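Worksheet: one structure, shown below.
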Amino acid sequence: MGGDGTVLGVVIAVVGGICSVLVARVSTPRPAPAPAVTESGGELPPPGLQVSPEIWDYVSGRFATLEAKVDNLTVIVETKKAEVSALERLLRQAMRIIRRANRRLVAVHEQPEEIPRELIPYSID
């Protein structure tokens, strides 16, 4: 189970990093460009990077796709966390059952069963 926790941690870190970048991009205030007038009386485009509408549509589509993937990963991570919690509960319950059975075996002077190594981390004792 140690490897699963590491993978889950990495997935959560990646999703968090992507979300923080997206939030930073959205929440960064952008100054309103002041229209500049040339000598001929026409307006100049605002300073900075100009992007064609085709490129902007493509990039916007990519961001929308990325946001959908992040949402999907978030759902997967939450589902897996719930599954891991349920499995850990079952493993703790199995450990309690084995310990109870071993106490009964000892009470009737029988040899207790060996506890599987995989269950030892889930012991509540």
Side-chain angles (χ1 to χ4, degrees):
M1 292 291 303
D4 293 339
T6 303
V7 172
L8 183 61
V10 169
V11 169
I12 290 171
V14 168
V15 170
I18 291 171
C19 290
S20 65
V21 168
L22 289 174
V23 167
R25 287 187 57 90
V26 170
S27 63
T28 302
R30 291 178 178 77
V37 179
T38 62
E39 294 174 3
S40 63
E43 290 186 6
L44 287 176
L49 178 65
Q50 298 296 312
V51 180
S52 72
E54 297 84 19
I55 294 174
W56 180 252
D57 290 340
Y58 173 75
V59 171
S60 296
R62 297 289 295 206
F63 278 127
T65 301
L66 182 61
E67 288 173 351
K69 288 181 179 182
V70 167
D71 291 342
N72 186 38
L73 282 175
T74 301
V75 169
I76 290 170
V77 167
E78 289 172 356
T79 302
K80 293 300 176 188
K81 282 173 52 177
E83 289 175 5
V84 166
S85 295
L87 287 172
E88 287 177 341
R89 259 191 324 274
L90 288 172
L91 289 168
R92 283 191 297 274
Q93 185 178 18
M95 188 66 179
R96 283 193 299 268
I97 290 169
I98 291 171
R99 291 214 187 264
R100 188 177 316 132
N102 279 346
R103 282 193 297 269
R104 289 180 182 169
L105 286 172
V106 169
V108 294
H109 306 293
E110 293 287 328
Q111 182 68 24
E113 291 292 324
E114 182 178 336
I115 297 173
R117 288 183 315 139
E118 294 84 9
L119 290 180
I120 292 175
Y122 300 99
S123 176
I124 57 174
D125 294 338

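Keep in mind the model is a prediction, meaning the values are calculated, not measured.
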Decide yes or no for I98 and P116: does some side-chain heavy atom of the first lie under 4.5 Å from some side-chain heavy atom of the second?
yes
Could you give the distance from CZ (R89) to CG (L91), rounded to the nearest 0.5 Å?
11.0 Å
What is the distance from atom CG of D71 to atom CG of L66, rounded to the nearest 0.5 Å?
9.5 Å
Of all heavy-atom pairs linking I120 and M95, the shortest is CA-CE, 4.3 Å
Indicate yes or no: does K80 engage E83 in a salt bridge with an N to O separation below 4.0 Å.
yes
Same apolar cluster (I L V M F W Y, side chains within < 4.5 Å links), V70/V59:
yes
With rounding to the nearest 0.5 angstrom, report the CG to CZ distance, D57 to R62.
14.0 Å
From I12 CD1 over to T74 OG1, what is the distance, rounded to the nearest 0.5 angstrom?
9.5 Å
Side-chain heavy-atom pair V14, L73 within 4.5 angstrom cut-off:
no
